[in-house]
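Everything quoted here is computed from the prediction, not taken from an experiment.
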Amino acid sequence: GVDASAVKAGYREYLFQCAPPYYEDPIVLVKGLGVWATDAEGQEYLDFFSGILSTGIGHCHPEVVQAIQDQVATLGHTSTLYLTENQVEFARRLAEIAPGRLTKTFFTNSGTEAVETAVVLACMYTGRSEIIALRYGYSGRSILATNLTAHSQWRPLPTTVPGIKHTLSPYPYRCPFHSPCDERCLDAFARDLEEVILTTTNGKPAAFMAETIQGVGGYIVPPPGYFQRIVEIVHQYGAVFICDEVQAGFGRTGDKWFGIEHWNVEPDIMVMAKTIANGYPVAATMTRPEIADAWTAKTISTFGGNPVAMASAIATNEVMVREKVPARSAARGKQLRKGLDDLKRKFEWIGEVRGMGLMQALELVDDPKTKTPSGKKAKALMEATKKERLLIGVGGLYGHVIRLGPSMLVTEDEVDDALGRLERACRKV
């Protein structure tokens, strides 16, 4: 078997330490199946974070495994210099489920690359270069993506990319305008965006980019009507709307394939990754044909759209469509939410429960009145859930938000099991 202590020592000796694993004593995982993951000691964990929402139909789904095994033994790599049926087939499948007129796709390997592609495309299409993003947003790990990101701890360098501005985040629990956040706040968010455009840009931005639900920010769900209002302004100023569905996409939010569809807004450009291929490195940038045609310079993504990754994506999509994951996420999400709401009534340090579908979060505070963020409690809860063998995630500006996002094929019993483990962990905090 795998020697966990040797793996941990090797990690310290041979790997960068800037991407630290969870827990004081990290878990060394050796196998997974469905919502279960097993560590080197043979302990089984109920996985309710699915590799940051990436194994959306569970670990090692047999159909995905089979598709990858068959493909890797047939044709493994070609680069974008040759055509493969897999790439065309998966792009066609995306066009079927994407909102509005989004039919053209460019494949890369990660969400970061999808964001880069989208931003460059927006600038080429509009002939402009200023980008507006949201505070609390997270866009990835490249120089451009870390400049778009609005969390100091995820920004390794001072601002190095000019022309990126940030407008207020629609964060209802901490709304700067009214508590509780209501319709009046939409006017205020709209005014702030307009002021950012008129005072910090030349008045002609290329794009506004936002996650439909802010992931790293702590699953921040905007108030109803927010995107309709904001995107209207974005278009008035001649900019395009880049919609980030890296975490919220593929049925995760319940009832719809993509988060933005809940607000009846059609993105101009959409980026997705994470659960697109159930944990394999695939990302996609989608847009309308006339925007795609604006990219006239040469470009390539050596591994983007490779036959093996595309086989994984096609198999994942087949399962998702057959199993109706948007509807499943809605049903299981309702069950999960009810359980989390019950926990909030029992533990006053749970300041807010929020999310959509199978993307649910607990914001932890020292005091529900002052809403002081409690990263300390989140850390304690992480350690307590580890003991209960439940894997969950953390986020928020102060590391104070617990994030849940299990496989979308999770069963009713598994959700109940997870809620029981979570309650036991809460009692230890």
Checking Arg328, Arg332, Glu323, Arg252 against Met408 for side chain to side chain contact (heavy atoms under 4.5 Å, CB included), the one that qualifies is Arg252

Here the side chain to side chain donor-acceptor pair (under 3.5 Å) pairs for residues 296-312, sequence neighbours left out, are none

Sorted by chain and residue number, the side-chain hydrogen bond (donor to acceptor under 3.5 Å, both in side chains) partners of Lys338 (sequence neighbours excluded) come out as Asp342

By side-chain hydrogen bond (donor to acceptor under 3.5 Å, both in side chains), Tyr45 pairs with (sequence neighbours left out) Asp39

### Query
Is the closest side-chain heavy-atom distance between Val365 and Tyr173 below 4.5 Å?
yes

Can Lys369 and Asp367 be counted as an ion pair, charged N to O under 4.0 angstrom? no

Any heavy-atom pair between the side chains of Arg403 and Leu362 that's under 4.5 Å? no

The side-chain hydrogen bond (donor to acceptor under 3.5 Å, both in side chains) partners of Asp417 (sequence neighbours excluded) come to Arg421

By ring pair (Phe, Tyr, Trp, His ring centres under 6.0 Å), Phe177 pairs with (sequence neighbours left out) Phe189

Contacts of Asp268 meeting salt bridge (charged side-chain N to carboxylate O under 4.0 Å, His left out) (sequence neighbours excluded), chain-then-number -> Arg288

Sorted by chain and residue number, the side-chain hydrogen bond (donor to acceptor under 3.5 Å, both in side chains) partners of Asn202 (sequence neighbours excluded) come out as none

Note: Leu168 and Leu134 closest approach over all heavy atoms is O-CD2, 3.4 Å

The complete set of salt bridge (charged side-chain N to carboxylate O under 4.0 Å, His left out) pairs with one or both residues in residues 119-143, sequence neighbours excluded, reads none

**Asked** Looking at Lys371 and Glu352, does any basic side-chain N land under 4.0 Å from a carboxylate oxygen?
**Response** no

Taken in chain and number order and not counting sequence neighbours, the residues that satisfy ring pair (Phe, Tyr, Trp, His ring centres under 6.0 Å) with Trp257 are none

| field | Sub-4.5 Å side-chain heavy-atom contact between Arg229 and Pro170 | value | no

* **Non-hydrogen side-chain atoms of Leu381 and Leu364 separated by less than 4.5 Å** => yes

Applying salt bridge (charged side-chain N to carboxylate O under 4.0 Å, His left out) to Arg92 and not counting sequence neighbours gives Glu89, Glu96

Those residues at least two apart in sequence (or on a different chain) that pass ring pair (Phe, Tyr, Trp, His ring centres under 6.0 Å) with Tyr171 are Tyr136

Residues passing the ring pair (Phe, Tyr, Trp, His ring centres under 6.0 Å) test with Tyr219, sequence neighbours excluded, are none

